[in-house]
Structure formats: C-alpha cells, structure tokens
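Accompanying notes for the structure given below.
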Amino acid sequence: MNNPTNRLADYDGDFYAWTLQTAHQLRSGQLDQVDLAQVAEEIEDMGKSDRRALESHLKILMLHLLKWQHQPSHRGVSWRLSIANARDEITAILRDSPSLRPRLDELAASRYPGARKQAILETGLAPSSFPETCPFSVEQLLEEDELPN
C-alpha cells in the first residue's frame, strides 16, 4: 500500500479508510507514504465547503428577509425561525472560519440574485417588487434582532 496507485485506489474506493490511514501516516511521520497532492486537494475542498455553506445560509437568510419585508401579512414563527437559524449558522461558520468575514459583502452580492429569484417564485409578486441588488447591509444580515419593515 506504499505506492501512489494503491493510495489512489484506497482514496477512490474507501474515503473514510483513506482519511484514517493518511492521518496515521502524518502523525507517525511517514510523509513519504502520504499522497500530499491529494491531502492538499482535500484541505482546499474543506475550505470551499465552508464557503459554500456560508453562501447557502446567506441565500436562505436573504430570501426570508425579502419575504418578511414584502409580505407582512404572511409573517409568522416559521419565517422568524428560519431567519434566526440562518443567522446562527452564519455566526458558527464565521467563528470557525473568520477569514470569510471580509468576503461577506461579495458573497451576499453573489447569492442575492438567487434569493431574489426564489422570492419572486415563492411570493408570486412582480419582479419589480424586489430590488436588483441586495438591499441589506452585512450588519443588517447579521444583526440578531434586525427585521426589515
């Protein structure tokens, strides 16, 4: 199992076993047996995963804030809980990956069109009801008790 072909087969065939084996090799200093390129790729993917999760929670948050703002008669506990949950998840991700915080403006701007499109579909309101660009600042998005009128 010391050649790269076997490690690649283990990686493709049983990811969990590969992670345990690689962690053991790293801890025991067997660096010549570690597929460093694959380890580097996995580490990059972990970072991407945090970013994607943050983007997903931002989109959900913006969607529910838009619905809250544009359909006051439909406001309820479910939307409030969804907003609180999204903020909680965003806070947890930023706690674990604080280097994503400076990118919040960019990430919110990139996910807003999807949130807007979904809000249009879910509410049945005209597209012109919703601004083309994100109407919420990062502070408004993250403020625990902030709900738009």
To the nearest 0.5 Å, tell me how far [X] [atom1] sits from [Y] [atom2].
X: S137; Y: L142; atom1: OG; atom2: CG; result: 8.5 Å
X: I83; Y: L65; atom1: CD1; atom2: CG; result: 4.5 Å
X: R52; Y: D50; atom1: CZ; atom2: CG; result: 9.5 Å

Output yes when a side-chain donor or acceptor of Y112 lies under 3.5 Å from a complementary backbone atom of P131, and no otherwise.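 Here the side-chain-to-backbone pair exists.
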Would a 4.5 Å heavy-atom cut-off, applied to side chains only, mark [X] and [Y] as touching?
X: E146; Y: R87; value: yes
X: F130; Y: T123; value: yes
X: R103; Y: L54; value: no

Begin with the C-alpha distance, continue with both residues' side-chain angles, and end with the deciding distance and a verdict on salt bridge (Lys or Arg N to Asp or Glu O under 4.0 Å) for R51 and E55. CA-CA 6 Å; R51 189 196 75 233; E55 289 175 335; 3.6 Å; yes
What pair of heavy atoms forms the shortest contact from [X] to [Y], and how long is it?
X: L125; Y: I120; value: O-CG2, 3.6 Å
X: A86; Y: I60; value: CB-CG2, 4.4 Å
X: M62; Y: L141; value: CG-CD2, 3.8 Å
X: S128; Y: R116; value: N-NH2, 4.5 Å
X: A109; Y: P113; value: O-CD, 3.2 Å

Parallel under 30°, tilted from 30 to 60°, perpendicular over 60°: which one fits the rings of W79 and H64?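 Answer is perpendicular, since the angle exceeds 60°.
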Is atom CZ of R101 surrounded by more than 12 heavy atoms (other residues, nucleotides or ligands) closer than 6.0 Å?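 Not more than 12 within 6.0 Å, no.
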What pairs with D145 under side-chain contact (heavy atoms from CB on, under 4.5 Å), at least two apart in sequence or on another chain?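 Residues passing side-chain contact (heavy atoms from CB on, under 4.5 Å) with D145: none at all.
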